[in-house]
Amino acid sequence: MFAIIVKRIGNAALVMLVVAFIAFMIFQFLGDPVQLMLNSQATQEDRDALRIRLGLDQPVIMQFFTFVVRALQGDFGVSFRNQREVMSLIAERFPATFELVMVSTVLALLIGIPLGVFAAIKPKNLAARVVSMIGISVPAFVIGIVLILIFSVQLGWLPAFGRGEVVQFGTWSTGLLTPSGRLALIMPSISLALFQISFIMRLVTAEMLEVLRTDYIKFARARGLPDRRVYFRHALKNCMMPVVTMTGMMIGDLIAFALVTETVFQWPGMGLLFVQAVMFIDIPVMAAYLMIVSVIFITLNTIVDFVYLAVDPRLRQAGSGGGSHVR
Amino acid sequence: ENVLKWGAQRDVVSLDPYSYGDTFTIAVLNHVYEGLVRYDEKLQIAPALATSWEVVSPTVWRFHLRDGVKFHDGAPFTADDVIASLTRVSDPASPLRGNLPAYKGATKVDDHTVEINTTPNYPLLLNDLTNIVIFDKEWLVSNHAEAPTDVGKGVEGYATSHANGTGPFKVVSRKPDAETVFEVSKDWWDKPKHNIDKIIFTPIASSATRVAALLSAEIDFTNSAPLQDIPRLQASSGIKVLASNELRTVFFVFNRTDKTIASDVTDKNPMNDIKVRQAMYQSIDIDALQKKVMRGLSRNTGSMVAPAIPGYADALDSRLPYDPDAAKKLLAEAGYPNGFSFSFVCENDGYVNEEEICQAVSSMWARVGLKANLDVAPTSLQTAKFESGKFDVGILGWANEPMIDSFSILVQVVHSKVGTSGVFNWGGWNYPEVDALIDSAGKELDREKRLGFQTQALMKVKEDIAFMPLHQQPMAWAMGPNIESIVQLTDNKPRFWLTMMK
Amino acid sequence: MSVETQMTKTPDVPRFARVRAFLNGDLAHGFFHTPSAVISALVLLAIALTAIAAPLLSPQDPYDLTQLYLDKAELPPIWSAGGEVPYLLGTDVQGRDIFSAILYGSRISLMIGFASVVVSVVIGITVGLISGYIGGRIDNFLMRLGDLVLSIPTLLVAILVSAIFRQLLPVSMRDAFTPAILTTSIAITSWVQYARIVRASTMVEARKEYVLAARILQLPSSKIMISHILPNVMTAVLVTATLNLGLAILAEATLSFLGVGMPVTQPSLGTLIRIGNQYFFSGSWWVVLFPALQLSLIILAVNLLGDWLRDALNPKLR
Amino acid sequence: MNAAPLPNDGPGTGPVLDIRDLVVEFPTRHGVLTAIRGVSVTVGRGEILGIVGESGAGKSLTGAAVIGLLEPPGRIASGEIRVGGRRIDNLPKSDMMALRGKTIGAIFQDPLTSLNPLLTVGDQLVETIRCHLPLSRAEAARRAIDLLNEVGIPSAELRLQQYPHQFSGGMRQRVVIALALAGEPDLVVADEPTTALDISIQAQITALLKRICRDRGTAVMLVTHDMGVIVETADRVAVMYAGRIVEIGPVDDIIRRPQHPYTRGLIGSIPSLVTRRERLVQIDGAMPRLNSMPPGCAFHPRCVLADTRCRTDLPPLQKNGSGMAACWNLAAGNAVEAA
Amino acid sequence: MTNALAKPTLCVDDVACFFDVSPSWFDRTVMRKPRRTLKAVDGLSFLIERGTTFSIVGESGCGKSTLARLVVGLYQPTRGALSFASGSGRDGFVRTQMIFQDPFASLNPRWRVGAIIAEPIKQMGLRRSGAETQARVRQLLETVGLSGQDSNRYPHEFSGGQRQRISIARALAAEPEFLVCDEPTSALDVSVQAQILNLLKDLQRELSLTYLFISHNLAAVRHVSDRVAVMYLGRIVEEAATDEIFERPQHPYTRFLLDTVPNLDRPNRDRVPATVDLPSPIDPPPGCAYNPRCPLVTDICRAAAPEPRPVGSTLVRCHHAIA
Ligand SMILES: Nc1ncnc2c1ncn2[C@@H]1O[C@H](COP(=O)(O)OP(=O)(O)OP(=O)(O)O)[C@@H](O)[C@H]1O
Ligand SMILES: Nc1ncnc2c1ncn2[C@@H]1O[C@H](COP(=O)(O)OP(=O)(O)OP(=O)(O)O)[C@@H](O)[C@H]1O
Ligand SMILES: [Mg+2]
Ligand SMILES: [Mg+2]
Ligand code: NI
């Protein structure tokens, strides 16, 4: 068990290192930082001085090493565009994205799983089929625009943009504690979650249909267990493995997709920052965002692996190497 | 409590007015920081932190500073602050250095008197000073912000995210790209002509979202109402739109060096042939552009400056007629019967409907055989291309702010790149006669004479079709029912210290 | 339920027999009895045909700047007051015919979607077969590579890749290469899924006795992989590929919507929506509505078809 | 021991399971496939009835019909199934649910897949026990231990905490049997309970089944295609061919004196451990598919004795010696045997 | 039976096949777990005479399939050697082919039957033209009792027995002299099993084939084979002529097998169930591998592994075998 945990963490660290390398390479490839930092009037001496100050005269490996060390300390340099420390920029934006993504995840799971079970039990139900299709077929940005048109402009019920009023706890801010903050969260989280609702729903349905055909479900029925118990205790539990995996993946995807939602709803999160960074080729922000999202993503997947161990006794066996999950 | 919610198209770059020569940033920060002089409601120069001034000699101006002015942190305003601020803005690393071209130095006479040394007979110092804002020296020193922020140093300046001015509002909080909150400064020296307690400034990049926010009363005001939405906004009850055209003239500039950047003509630069420039000019259907792209809100112009700018003359304003056939003929005469291709660098966040203008013009050019490789990107990316001359045709808008005088465009754009002049001479154009005229104007204290030189210079430029003026661009403000009155001047700067709420 | 005549054996007319056998087969029968599959296939066929024949059908070439006239800008659809022939669905602010732009945009969307799926399938199959059949260190390496790709969200990779490529290319080549860049950036992240599917099935198939029989004959590994294993893993790949086609089209639209996709002068559906978005409140609803509808319709049809295929080909659900 | 189906004279006295003229159909797009074509069979208290036959003969379907777990679209088209005298084939879903496990237990072929891998063996046992008997958790756990002991799993208390994957194949099948017996059913339907197991474990499981049947008086319907298992375990055996019972009778009689030509072929095709024959008896051809059932006796295309009547008329299952057989040419067959 | 002049078709000499089932590199280095080997086959020696059937019986996991794969060259022996008699094969030895257990997995479901059978012919270049190949395929199909027209159909259109026939036809297509049959009938119904066993015997007679017949079905083994070897945990515990082994089993394991197998000739007998399951071949018990289950076990069984020794015409690995 311990071995498995150590291994998972080691794996995650390795992947992180490679991601760091990619981020570093973006730095190296996307133009010369010196060029980007100094204006055209700068002299050659200025350039050389800056080059040395930035450590760009060192061999690439050393530079990478410095990059990693500084990244570990949360130092990703200064945003070209905002002229502020990238880390503090991201730290400021992170709560907004986090809140949005978490609410969407909860929505996706709370709505997606029961709907998925329902659709598996009643495969012919039309409403379920429609829901399972809408989310994956109508792009989130289209949904966002339509929602704004209906609920903000026509009905005036919900705010069209922003987070509403937020409560600050140190560096963390939350909109969940104020009525306007909660109202503001509704449309962005729905438009973000819709894809995932459909996705989780389809996943659960597909898994359920498969699990319901297994011998142990047949045997559970043959023992006279009531349907509800068969569906929710026996079948659903066995469906949860891929759902757990996908939830890990999903949160990462949500963070990425949040940038679409954030663009539409002017949600002051990391995604907006990133989109702007891409437009402006603000490399430190791009690199930091890439690293941070990967950290979150990899952490989640590592947690998922541990959840696996908790859920599936077969994987806990020493020496069985743990669960390499297949998507 | 009167809270004004302001939805802008974009955020200010920084809280430091000296960090970036950006008109909008300075306009927003003018609520917090003030200069020695300012423009009044009629765009006339009026005293601000200086109460009076006199020209002591051709090179020395003396300013008498206002008594009893306090910075937001409570520190008193003195001559040291003025000197520190002038030093800061004229630092070699300061991007605003060009806004104060004649500045040579400053000396403290006493706590409330300063002398500024300039180049001889510089006529426009006051105009320049309208936008040179004053920091508190102690605040700068104790926060190590005496020098302007230098990105190269890898540290952000304290002033980037903090502000301490003397203005009518003070900054309470700021989250870049999300929200900046201003609160009324009770200790403002001037008599407030507003009743605002708080301004919440929010950038909303998506124009649709911004309009939706205004329609659903989430914001009270926007200084950039999308032109296409104006009819809709006007039709909504309670929403007022103030639309007219501003000082800014938008025009195209040419690469005038010997080599093209991305063209199928490689042996020479076709842009150096006046026939080609005229062909390009005459193939632009400016009326269609005005009607469709600018929604009838821009003012077509043949001049490089707006009528309100001193130096303007009616004779400057005539345009060459739209005539694609003539254009084709000119091209043929110039040796390009089948046209040629070139790079056309535009931004998508600079001027009003800029991307659409460039697209539309590209298609007009295409019809006479000119193939523009349209390169559209945010300003920050394109600026680098402009500054390094990596374009064949580019777009530029010039409002002559803060000078409000045609000398501004002449010295910064038209003049060849010498010393502090010609900072925006991107394409390497060079007209020695025009340069001479500009230089004479820069040393002429007599206003009429000076403007005569300037008009003459503008005329020469026009005759050579050195640039291709399009229009004075529109400005459109929209406000919700909470706003009682607001002052809109042609410089397109919101002035909330002149705004009443209901 | 139609009444099929019992299939009589026709041994010596192979071609027609195959067609007939296919039409009589479960797959075709199931297809013709699933209205959603038939309708979506028809819709998709119609969209694909009109997209391919766009130059013949559309009154205007929206990518040809000389055909855009400002005085025809923002015309409403033909049935509204002010609509003009031939601008069926109206025009945008540049005078671009929306109908033509949709046809051309669908062409780009479908092309990029399809190409990226094909590219990723090819990569995925190659990697998956090698990984699954040869195993060992190569397998380990390839799978770790896949993990790595998956450890960054797809959309993010796509944005970065397309942003980087665009930055590296000179302006004059950029527009021409954008479809290829988009294809690459979408494909770069989606091959892993196929690789995993193929690898898993390959490992199952490789243990099956028909493969052992081939190995006993000392057939070269490449031949075993391609002619024996590949046909047996294609079903799963096909299903996933169909479902992913929807995702790929969506990805292209999203990138274009975010401004890192197709340029305004060659709009894809996503670009059209991004442009149209600005005119949403101004009354020019047709600029955004029709492209959005078309995009949703394409993805919906692809997904419905994919769903049907998945159900039809899944032996476990029979 | 009853050879012939008894008339049902009420609970207690009659057979535990009484199937009469069971017909199971699958409606498909090319018409209705009749997979079970009139099966009648009874199982008495404490009796083990073996059902043998080739793959696809309909053995499992018969079992599934009794448990009420025919996979849709399969359905009982006609006939009756009575358990303990009560008719169960037309019960509503919920009543059938209550009956399963309580009155009818079931054991499936593969012990590896019959247990939910994510729940401990104890969980599954306790849950099943509490579903049928009004017991507290602790009481149910005690009963679970008793059950495990009964099926011969040592240190049952410890084993309750373990997951199925920690059990060996034979142990798992024991757990499955314990689960099937948890509700103390009167009838157990065992579908190939030993097929997936090694010979040595097979012996353990058949012995266990026999013991339990003897001790508890449970009726067992043992479905298998392995004559050997039947011979070891069953009291009576029914031979199925193409959805019908072609012969039924006491095991000894069927092995020694098979009456139906199919049974005879079947027995003859099993190689013997004791004697060595040069060639095995071979029934040529294969069982017909459901969609191409020949008219008359389904076995006639493979039957050496087939005559014109076999090709047109369906032979009824008729009494013959100690058992019953369905063949027009039984007399001839008997004559052969007698000779 | 041994003919001194004719070299046996296959001579297996102390062949072993081990699998490395060690934990991952990480577990070994960090968690200090030892390397482990699984001795699937550990020191087998036997001869198969030309034209005879040599059978291997044993429980699941005792190494039967591994042996089969060693023989057809799918695995390389870890130790020992397999030597074949010279024959018409490409390398000068007898041609060897294999028939598999699972009639569903042994035919590629995407290939037509004709192509499946033609593949060995094409691969080995046994026929010159396509037409000849087709003719040969048809001939082979008829040899195994199918019709030549069946070559246009797909495997799923056939029943299990028919598929096994196709499988045999494919093996025969390579014109082998030696056939390895790994449980060829254990997935089939008894009536079909009889068909296949009869077919195998007929083919042996007609084509003078040599068989290595692997099965856990003792009765089938008795029916087809000339010599039988009983395997237990990777070793042969007893080897003798068929009748000898069935009538006078020497090893306690052989006896146990014969006792547990259901016997139609003695119905309603209570079998003797085994009390201990088969141990894992990763760590077999010390001494005689059978000792935990053996009724005759003594101390020497736990201490030393017995070597094969002749008891009459039988070779037995048991300390207690009585000569
Ligand atoms: N869902 C179904 N749809 C159509 N036909 C079916 C279905 N299930 C079973 N059958 C058919 O019913 C017949 C009897 O099947 P059954 O499973 O009872 O056979 P069996 O005797 O148990 O065989 P085996 O020994 O292989 O388990 C077979 O011909 C089978 O093809
Ligand atoms: N490639 C392999 N890698 C690791 N272990 C293997 C491999 N092949 C077989 N084994 C192991 O070797 C042992 C013998 O396997 P083998 O397949 O030869 O048994 P068998 O006698 O054929 O069993 P069955 O009757 O189930 O087919 C088993 O424990 C098996 O797990
Ligand atoms: Mg069955
Ligand atoms: Mg085997
Ligand atoms: Ni039909």
Side-chain angles (χ1 to χ4, degrees), chain A residues 1 4 120-125 204 207-245 304-323 325-326, chain D residues 60 63-64 66-72 93-121 123-125 127-133 161-166 172 175-176 178-183 185 188-191 196:
Chain A
M1 184 76 181
I4 298 171
I121 300 172
K122 297 209 162 27
K124 299 232 145 64
N125 190 289
V204 170
E207 290 297 325
M208 270 301 259
L209 285 177
E210 255 173 51
V211 170
L212 286 180
R213 269 153 211 281
T214 56
D215 282 355
Y216 55 83
I217 293 299
K218 219 166 108 194
F219 187 49
R221 283 181 203 261
R223 302 205 297 270
L225 298 184
D227 277 351
R228 255 171 45 109
R229 211 177 167 81
V230 170
Y231 287 136
F232 287 97
R233 185 172 155 91
H234 285 258
L236 191 57
K237 193 162 182 187
N238 282 282
C239 291
M240 285 322 277
M241 303 292 272
V243 174
V244 167
T245 314
V304 162
D305 282 347
F306 294 150
V307 172
Y308 259 51
L309 292 178
V311 175
D312 194 335
R314 286 168 294 189
L315 303 178
R316 251 173 277 159
Q317 233 167 16
S320 73
H325 48 267
V326 180
Chain D
S60 299
V66 172
I67 321 164
L69 283 178
L70 277 177
E71 301 248 342
K93 238 184 118 188
S94 55
D95 292 0
M96 195 61 215
M97 204 155 76
L99 224 63
R100 281 200 291 268
K102 182 93 188 97
T103 311
I104 313 168
I107 303 170
F108 294 119
Q109 170 173 348
D110 195 348
L112 292 173
T113 56
S114 288
L115 297 173
N116 190 331
L118 300 188
L119 299 176
T120 62
V121 164
D123 279 345
Q124 301 187 46
L125 271 165
E127 155 187 77
T128 313
I129 293 165
R130 293 190 64 197
C131 173
H132 297 300
L133 307 171
Q161 319 307 328
Q162 293 189 338
Y163 289 91
H165 69 94
Q166 292 161 306
R172 260 186 252 187
V175 173
V176 167
L179 279 166
L181 296 176
V188 169
V189 177
D191 190 355

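Per chain, numbering begins at 1; letters A, B, ... match sequence-line order.
At a 4.5 Å heavy-atom cutoff, the contact between L179(D) and chain A is made by backbone and side-chain atoms alike. Heavy-atom distances place no part of Q162(D) under 4.5 Å from chain A, backbone and side chain included. Interface residue V176(D): backbone and side-chain heavy atoms are both found under 4.5 Å from chain A. Interface residue L69(D): only side-chain heavy atoms are found under 4.5 Å from chain A.
Applying the side chain to side chain contact (heavy atoms under 4.5 Å, CB included) criterion to M96(D), with sequence neighbours excluded, gives I88(D), L91(D), L99(D), R100(D), I104(D).
Rounding to the nearest 0.5 Å places CG of L236(A) at 11.0 Å from CD of E207(A). To the nearest 0.5 Å, atom CD1 of residue I121(A) and atom CE of residue M208(A) are 5.0 Å apart. Atom OG1 in T214(A) sits 12.5 Å away from atom CZ in F219(A) (nearest 0.5 Å).
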Exercise. Passes side chain to side chain contact (heavy atoms under 4.5 Å, CB included), V211(A) versus Y216(A)? Steps please.
Worked result: CA-CA 9 Å; V211(A) 170; Y216(A) 55 83; 3.8 Å; yes
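At a heavy-atom separation below 4.5 angstrom, chain D is approached by L225(A), P226(A), D227(A), R229(A), R233(A) within residues 225-233 of chain A.
Top candidate by heavy-atom pairs under 4.5 Å with chain A, chosen from I107(D), T120(D), L119(D), is L119(D).
Contact check on R223(A) versus E127(D) returns a salt bridge, with a Lys/Arg side-chain nitrogen under 4.0 Å from an Asp/Glu carboxylate oxygen.
Here the side chains of P117(D) and N238(A) are in contact, with some heavy-atom distance below 4.5 Å. Side-chain contact between I217(A) and H234(A) is present, with at least one heavy-atom pair separated by less than 4.5 Å.
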